Amino acid sequence: MPKPPKATATTGTSTTTGPSTSVDAGTGAGTGTGTGGSDATGTRTAGTSTAPGTVHTAWTRAALPLCLLAILDTEKQSYGYALLNHLATAGLDGVKAATLYPALTRLEEDGSVEIEWGAGEGGPGRKYYRITDAGRARLHHDRTAWAAFTHSVATLTGTDAPSDSGTARPTPHAAEPGEPT
């Protein structure tokens with residue numbers, strides 16, 4: 001059986017060195033082996049590392065429902081392209097429509113958002129999304145859970161107090177009795 005072709009890297013992409021898996025943008029699930037995969041933005045990735053200063057796509061995918069509910073809570077209603085712009089403005093500019101719309105569909109299925117068709121601005125109709133009372137309750141619960149989670153992660157990673165340079169640094173490890181320092 002012939003080997004699969006190797007992907008080549010260009011600016012903004014990574015190299016894949018063997019059979020890889022595609023990650024379903026809606027669930028994050030994938031199968032197969034290899035070092036590559038697809039992130040929430042549809043970009044090929046090698047492993048799970050990200051470049052400094054970029055947002056980890058798995059984290060974005062996990063936080064996306066919370067972010068969408070927060071945006072919709074500040075507006076009467078919104079549509080997909082506007083939601084993508086809000087996310088990009090906040091620094092989550094790697095979210096693609098292929099990730100956004102399944103997340104919105106899941107929010108609708110659990111009763112957190114309502115969908116209504118309306119006239120587009122000089123074009124075809126578009127779907128408008130509006131948060132429901134159940135969505136506001138979920139938003140309140142998820143904000144509290146997110147705050148507790150991020151506090152725990154910051155505590156464990158030592159990033160809960162910014163350094164003098166404005167970036168967080170890990171807390172030094174204190175040696176246990178009998179442990180080399």
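Here the structure is a predicted model, which means the values were calculated and not measured. FYI, the numbering just counts along the sequence from 1.
A search for ring-ring contact (aromatic ring centres under 6.0 Å, His included) contacts involving Y81 returns nothing, not counting sequence neighbours. Applying the salt bridge (charged side-chain N to carboxylate O under 4.0 Å, His left out) criterion to E116, with sequence neighbours excluded, gives R130. With sequence neighbours excluded, no residue forms a ring-ring contact (aromatic ring centres under 6.0 Å, His included) with Y101. Under the side-chain contact (heavy atoms from CB on, under 4.5 Å) criterion, A137 pairs with no residue, sequence neighbours left out. Contacts of D73 classified as side-chain hydrogen bond (donor to acceptor under 3.5 Å, both in side chains), with partners at least two apart in sequence or in another chain: R136. With sequence neighbours excluded, the residues forming a side-chain contact (heavy atoms from CB on, under 4.5 Å) with A134 are T132, listed by chain and number.
Here the options are L92, T74, I71, the test is side-chain contact (heavy atoms from CB on, under 4.5 Å), and the partner is H86; only I71 passes.
Within the 3.5 Å criterion, the main-chain N or O of N85 finds a donor-acceptor partner in the side chain of T89.
Among residue pairs with one or both ends in residues 139-150, those qualifying as side chain to side chain donor-acceptor pair (under 3.5 Å) are R138-D142; sequence neighbours excluded. Pairs passing the salt bridge (Lys or Arg N to Asp or Glu O under 4.0 Å) check and including a residue from residues 145-154, sequence neighbours excluded, do not occur.
Here the closest non-hydrogen pair linking Y129 and L83 is CD1-CD1, 4.3 Å. Nearest heavy atoms, L107 versus D110: O-OD1, 2.8 Å. Between L68 and L104, the closest heavy-atom pair is CD1-CD2, 3.9 Å. Considering every non-hydrogen atom in both Y79 and K127, the closest pair reads CB-O, 3.2 Å. Contact between L69 and G135 at its shortest, heavy atoms only, is CD1-O, 4.0 Å.
To the nearest 0.5 Å, the span separating CD on E109 from CD1 on I115 amounts to 9.0 Å. Atoms OH and CD, on Y128 and E114 in that order, are 15.5 Å from each other to the nearest 0.5 Å. Separating the NE2 atom in H151 from the CG atom in L156 is a distance of 9.5 Å, to the nearest 0.5 Å. Here CD1 of I131 is found 12.0 Å from OG of S78. Values are rounded to the nearest 0.5 Å.
Within the 4.5 Å cutoff, the side chain of L87 has heavy atoms near those of the L64 side chain.
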